[in-house]
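Quick notes on the structure that follows.
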Amino acid sequence: MPTFTTTTMASRNENLNLQKLILNPPTGSSIVTINVGGQIFQTTDQTLTLAGPRSLFSQLSGLTHLGPHFIDRDPELFSILLSLLRTGNLPSKAKSYDLQDLIEESKFYKIESLLVNSLSNPSQFDPFNLQKTLILPLNSRDTASAVATTPFGTLHVSHGSKITSFDWSLQRKSTTLTQFTAIDSMLAISPNLVAAGATDFSGLQILDLEKKGFVLETLNWENVTKSGSTVQAIGSSNDMLFTSFESSRRNSNSIMVYDLKTFSPVTEIGHYEIFGADLDSAIPATKLKWVESYNVVMAAGSHSGPSGVLGNVKFWDIRSGNVVWEFKEKVDCFSDITVSDRLSSIFKVGVNSGEVFNADLRKLGSEGHDSWVCLGDDRKVGNVRKEGVGCKIEAHGNQVFCSKGGDIELWSEVVMGSLKKREEGLPERVFRKNLMGRVKEMEGSRVTNLAFGGNKMFVTRRDQQSVEVWQSSVSGF
């Protein structure tokens, strides 16, 4: 009985405090009354200011003494957006409405960014709960050659001489014709701006897709032979653009660094002139990845020769122009390679074995340290059947995604209960593999591209004129 009395008194006090809060809102949270399409809504001045200074909601804040403010719009859609403003998430009833209607309404109130953050936020990406939810047709005879995304999910897909773009909601689609016969490398600089290049077309083009592919800039590398410069790879940091060039005569290569805002050249690294049978200098970088934590850019390239596939991986310090780490690829060279800043590791797919390997960035440079550790079946390392040809590998968040034919493997680090220590004093790392999706979802030809944007993964396949969208469930939709 005493316990019941205490609980009842506590509940009464909570109710009284709630009533006081409703009747006497905190300073700066005066009640605002809004008439939307004949329906009355009430909220606080404090809630309206959450929409940002440029929004229509913000304009209504502070006008509490003028009575109801009339807005000639749909009250039901307003109710959903007001709920989004209050909680940061769409209510469950939003599922009953067309997403495009909500987008148009959010644009009217100038709060589309809040809707984007609610429905396509990178923090919502759940790698263990991805399902194939959508197929985006490209309306072309050409298959996808390159895919580029923005952090909140805008998607650009090159196919043949065209680039098809989808907005963050994947509701709006546009196609741009370019000067290229085919695009081999593409990078999204913004939702409407991309850098595009090809191995058979001179120069890197900065295209404004909102202006029907207007060429904003053409960046070229002036090599010694004064021949054209074809693009082998593109990468970027927050403020720099990296481009791997090779001369049209294929006798020299370089990596140029540009300012990402002005596109003016900053510096040149990795300039090689090829003489005789110097195979190492003949390999241009075909993959560029920025590693923020170490302030270096990874440049990797490979080629086939009489003794098999050879390659090299170099990490360049942009400030000094020097290579800080380098290792030669002679045994089971990479079919594809990536680097994870979050995991402080490099990952590759062996071209012969088709297995995933890991190299810990924290241990590179240690004497006697074997850089690559096979995460799969290390007995396949001596294979000559080239099982890894065509495999793709990409790091996203704390996971690594690797395509094997038509399937996709998901690798993640497992924190062991009792961490074993090696001589270097760092804990031994363990990675585990999961196979993504259900069997029916994975049916299809070989995966050709993996890309990530917002809370989605995008997949293209050989001979398919479409893009698969993989997504986990989102609150409200």
Side-chain angles (χ1 to χ4, degrees), residues 143-147 182 184-185 198-200 230 232-233 244 246 250 253 274 277-289 298-314 326-340 345-359 370-395 400-411 431 433-437 442-451 459-464 468:
T143 57
S145 57
V147 176
D184 299 302
S185 303
T199 57
D200 62 354
T230 61
Q232 304 297 312
S244 171
E246 184 178 39
R250 304 188 69 181
N253 55 72
I274 299 166
D278 186 2
L279 294 179
D280 283 346
S281 64
I283 305 175
T286 53
K287 197 148 193 181
L288 297 170
K289 289 285 187 179
M298 183 192 80
S302 65
H303 70 172
S304 297
S307 58
V309 182
L310 304 175
N312 56 54
V313 184
K314 299 178 181 179
E326 178 181 8
F327 41 98
K328 309 291 185 183
E329 287 285 283
K330 295 180 179 179
V331 179
D332 204 9
C333 183
F334 57 86
S335 171
D336 195 16
I337 190 167
T338 192
V339 61
S340 171
S345 288
I346 321 165
F347 296 89
K348 76 169 185 178
V349 190
V351 69
N352 293 327
S353 65
E355 295 298 318
V356 175
F357 293 76
N358 157 256
D370 185 11
S371 297
W372 291 115
V373 176
C374 183
L375 302 182
D377 187 351
D378 55 10
R379 293 173 299 178
K380 292 184 177 182
V381 172
N383 282 357
V384 293
R385 292 178 291 179
K386 295 186 177 181
E387 294 183 15
V389 172
C391 293
K392 299 294 180 181
I393 191 164
E394 292 291 342
V400 177
F401 298 78
C402 179
S403 70
K404 300 287 185 68
D407 295 329
I408 299 175
E409 297 175 353
L410 169 61
W411 290 87
F431 291 88
K433 177 180 69 174
N434 294 282
L435 192 61
M436 278 187 48
M442 274 299 169
E443 289 179 349
S445 54
R446 177 171 59 85
V447 172
T448 54
N449 286 286
L450 290 171
V459 178
T460 64
R461 298 180 185 271
R462 184 181 60 189
D463 301 327
Q464 298 293 317
E468 297 174 6

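Please read these numbers as outputs of a predicted model, since none were measured by experiment. Only this structure's heavy atoms are used, side chains among them; waters, hydrogens and symmetry mates stay out.
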Exercise. Side chains of T460 and T143: closer than 4.5 Å at any heavy-atom pair?
Worked result: no
Problem set entry | Shortest non-hydrogen contact from A451 toward V147 | CB-CG1, 3.6 Å
For this session: Walk me through it: do S353 and D332 pass the test side chain to side chain donor-acceptor pair (under 3.5 Å)?
Result: CA-CA 7 Å; S353 65; D332 204 9; 2.6 Å; yes
Problem set entry | Separation between CG of N352 and SG of C333, rounded to the nearest 0.5 Å | 8.5 Å
Exercise. If every non-hydrogen atom of V339 is compared with every non-hydrogen atom of A395, which pair is closest and at what distance?
Worked result: O-CB, 3.9 Å
Exercise. Just by modelled atom types, is the V349 backbone N or O under 3.5 Å from a matching donor or acceptor in the S335 side chain?
Worked result: no
Problem set entry | Point-to-point distance, once rounded to the nearest 0.5 Å, from CD of E246 to CD1 of I283 | 10.5 Å
Problem set entry | Atom pair CG (N312) and CD (E326), whose distance is rounded to the nearest 0.5 Å | 6.0 Å
For this session: Would you please test L310 and K330 for side-chain contact (heavy atoms from CB on, under 4.5 Å) and show each step?
Result: CA-CA 5 Å; L310 304 175; K330 295 180 179 179; 4.2 Å; yes
Exercise. Is the distance between the ring centroids of W411 and F347 under 6.0 Å?
Worked result: no
Exercise. Side chains of D463 and S445: donor-acceptor distance under 3.5 Å anywhere?
Worked result: no
Problem set entry | Beyond-backbone contact of T338 with K289, side-chain heavy atoms, under 4.5 angstrom | yes
Exercise. Distance from K314 atom NZ to K328 atom NZ, nearest 0.5 Å?
Worked result: 5.5 Å
Seminar exercise, completed: Correct closest heavy-atom pair for T286 and S302 would be OG1-N, 4.5 Å
Exercise. So how far is it from I393 CD1 to D336 CG, rounded to the nearest 0.5 Å?
Worked result: 7.0 Å
Problem set entry | Closest non-hydrogen atom pair between F334 and E329, with its separation | N-OE1, 3.2 Å
Seminar exercise, completed: Rounded to the nearest 0.5 Å, the CZ atom of R462 sits from the CZ atom of R446 at a distance of 5.0 Å
Exercise. Given side chains that start at C-beta, do those of V459 and F401 come closer than 4.5 Å, heavy atoms only?
Worked result: no
Exercise. So, do N253 and Q232 sit near enough that their side-chain heavy atoms are less than 4.5 Å apart?
Worked result: no
Problem set entry | Presence of salt bridge, E355 and R379, under 4.0 angstrom | no
Exercise. Are any of the side-chain heavy atoms of V351 and V389 separated by less than 4.5 Å?
Worked result: yes
Exercise. What closest approach, in Å, do V313 and A300 show between heavy atoms, and which atom pair accounts for it?
Worked result: CG2-CB, 4.2 Å
For this session: Identify the two heavy atoms, one from A233 and one from L288, that lie closest to each other, and give their separation to 0.1 Å.
Result: O-CD1, 3.8 Å
